[in-house]
Every structure is written in C-alpha cells, then in structure tokens.
Amino acid sequence: SFMKNAAKIALGVNIDHIAVLREARRINDPDPVDALGVCKRAGADQITIHLREDRRHINDLDAQKIMFNSPLPVNLECSIDPDIISIVCQLKPHRATLVPEKREEVTTEGGLDVLGHFEKIKKAVDQLKAHEIDVSLFIDPNESVIEASQSLDIDMVELHTGAYANIYAMLNTPLATTHHSITELERPRSELKTMLHRSLEEIKDAAYLAHQKGLLVAAGHGLNYQNVEAMCEIEVIKELNIGQSIIARSVFTGLAQAIIDMKALLA
Ligand code: PXP
C-alpha cells in the first residue's frame with residue numbers, strides 16, 4: 001500500500017568499483033567523483049567508499065575529492081589501523097564504518113572480530129568520536145558480537161549479509177557462482193533452503209537485538225536485485241550499502257537507471 005511504502009529504507013551506493021575500473025588501466029578515467037551527482041539525482045541516500053590500506057581502488061585523493069564534492073553524506077569504510085584512522089579523522093565523513101581488512105582478500109570476507117580486537121577497536125572508535133564522526137561497526141549477525149559492541153561508543157552496526165547472499169546464490173543461481181566448491185553446489189535444495197532460512201533468521205535476530213540496544217541498523221555485502229527483498233522486510237534495518245550489483249548493472253543500463261531500479265525494490 002502507499003502507507004507501507006512510506007517508510008523507505010535508505011540506500012548507500014558503494015562507488016569503489018568505479019575506481020576499480022580506473023585502476024585496471026591506472027589512468028584517471030572513470031573518476032568516482034563523476035558518480036556523485038548521478039547517485040544523488042537517481043535517489044541514492046548516501047555515498048559509501050572504502051579507503052583500503054592497500055589503496056587498491058579508492059585512494060587518498062579520491063577520498064578528499066569525494067568528501068569535498070559529495071552532495072550526499074559519505075559513509076567511509078576503513079580498517080582500525082591507526083594511520084588510516086588519522087586520515088579518516090582529517091577527512092571528517094559523517095560516518096566511519098569500521099571493517100576488518102586482510103590484504104589477500106578479494107572483498108571484506110567477514111565481520112569485525114570485536115571480542116578479539118576489543119582494545120584496538122575501542123581506541124579507533126574513541127578517536128573518531130572525538131572528531132565528531134559517527135561510528136558504525138561492520139559485524140557478523142551474531143548475538144555475542146552485538147553484546148561485545150554495546151560497551152563501545154558506537155552509533156550503528158552494519159550486519160554482514162555475505163553468508164546469506166552466498167546461500168541465496170547457491171540456491172537460485174548455482175551456475176553463476178563458480179567460487180563455490182562442488183560439494184557446496186551438490187547440497188540438496190532442501191538443505192540449502194534450511195540454510196537460507198537460518199541465515200535470514202540470524203540477520204533478523206541480530207537486527208532486532210541491535211535495535212533494542214539503541215543502535216541504528218544497516219546491512220550490506222553481496223546484496224543484489226534478486227536477494228534484497230528479504231532485507232526490506234526486516235523493519236529495523238534502516239539502511240543498505242550496495243556496490244557490486246549496482247555497478248555491474250550500470251554497465252548495461254547506466255548508473256542512474258541501476259540506482260532507480262534498486263530504489264524501486266526498496267520502496
Ligand atoms: N558494506 C560494507 C561494509 C562493505 O565492505 C562492502 C564492500 O565494500 C559493501 C557493503 C558492499 O558490498 P557489495 O559490493 O557486495 O554490494
């Protein structure tokens with residue numbers, strides 16, 4: 001109904017992959033800065049970028065230009081490395097999302113190990129908060145991690161939806177998921193359905209627990225035009241950060257249409 005559509009979920013568009021394409025040639029084209037106005041006009045609510053320690057896509061100059069030119073709030077993802085945190089404090093985005101980082105990984109593979117790195121995370125959080133930057137933690141949808149996060153001065157958690165997205169893909173588009181092992185693909189559909197249900201329940205339970213504890217709740221990683229609907233049904237999730245699927249579609253439709261299509265699914 002109209003009223004049901006009134007409470008819309010915010011969309012953060014992750015534009016890192018525009019810089020990935022540029023770095024394929026190590027030139028200056030395409031420039032992620034050129035995406036900012038397009039994102040805003042197409043209905044995006046936020047720009048998300050990840051300044052990685054290895055600078056494999058977004059670099060310091062990109063981050064500066066994006067901060068200076070963005071008509072939308074910038075959600076800056078970063079590791080807890082002290083050098084990176086100092087840069088982020090100078091950039092002063094409206095929010096920093098702390099993520100785990102491994103140099104070898106293709107993309108962020110899991111949530112922050114909040115218990116394992118508690119003191120380092122606390123230090124990063126306190127430094128960011130001292131610079132009046134909101135802080136979000138990218139975490140697995142897991143009760144003990146949320147409990148551990150609670151004593152930190154954070155504003156938000158972003159729940160890692162990668163596991164859910166992987167299971168969804170194994171069930172619905174197995175031929176497209178070449179990175180799964182044969183044994184994973186040979187799982188009976190009934191088992192995959194159970195796994196999908198369980199992963200959704202984990203996200204839902206974590207979202208409600210975090211919400212109950214007064215935290216804003218976002219979700220992201222691996223979300224696409226097929227699997228995003230279930231996220232919209234979890235009312236306490238107020239924001240999704242989506243990169244790969246939007247930039248992939250934009251090759252064929254243009255960035256504006258890819259964002260319009262995603263916003264339509266979130267409405
Ligand atoms: N949220 C976080 C914290 C991320 O690290 C990423 C990937 O950079 C995303 C969302 C977007 O993931 P995807 O590109 O799979 O949509």
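Both counts, for ligands and for their atoms, begin at 1 and track the order of listing.
Heavy-atom contacts of Q244 reach the following atoms of ligand 1: 13 (P), 14 (O), 16 (O) (cutoff under 4.0 Å). Counting atoms of ligand 1 from 1 in the listed order, those under 4.0 Å from a heavy atom of F138 are 2 (C), 3 (C).
Of the heavy atoms in E158, only side-chain atoms (C-beta onward) come closer than 4.0 Å to ligand 1.
Considering backbone and side-chain atoms alike, G243 places an N or O below 3.5 Å from some N or O of ligand 1. Remark: ligand 1 and N241 share no N or O pair separated by less than 3.5 Å (distance only, no angle test). When only interatomic distances are considered, the shortest N/O to N/O separation between I242 and ligand 1 does not fall below 3.5 Å. For the pair N14 and ligand 1, the shortest N or O to N or O distance falls below 3.5 Å.
Around atom 5 (O) of ligand 1, the closest heavy atom drawn from E101, E77, R52 belongs to E77.
Evaluation of the side-chain hydrogen bond (donor to acceptor under 3.5 Å, both in side chains) test over residues 248-262, restricted to residues two or more places apart or in two chains, returns R249-D261, Q257-D261.
Grouping the Ile, Leu, Val, Met, Phe, Trp and Tyr side chains by contacts below 4.5 angstrom, directly or via other members, places L98 with I87.
With respect to the salt-bridge test (charged N to carboxylate O, under 4.0 angstrom), the residues E201 and K204 qualify. With salt bridges taken as basic N to acidic carboxylate O contacts below 4.0 Å, none links D16 and R56. Between R95 and E158 no salt bridge is recorded (no basic side-chain N to carboxylate O distance below 4.0 Å).
When the salt bridge (charged side-chain N to carboxylate O under 4.0 Å, His left out) test is applied to D60, the partners found at least two apart in sequence or on another chain are R55.
Side-chain atoms of N241 and Q46 include a donor-acceptor pair closer than 3.5 Å.
Within the 4.0 Å heavy-atom shell around ligand 1 one finds G222.
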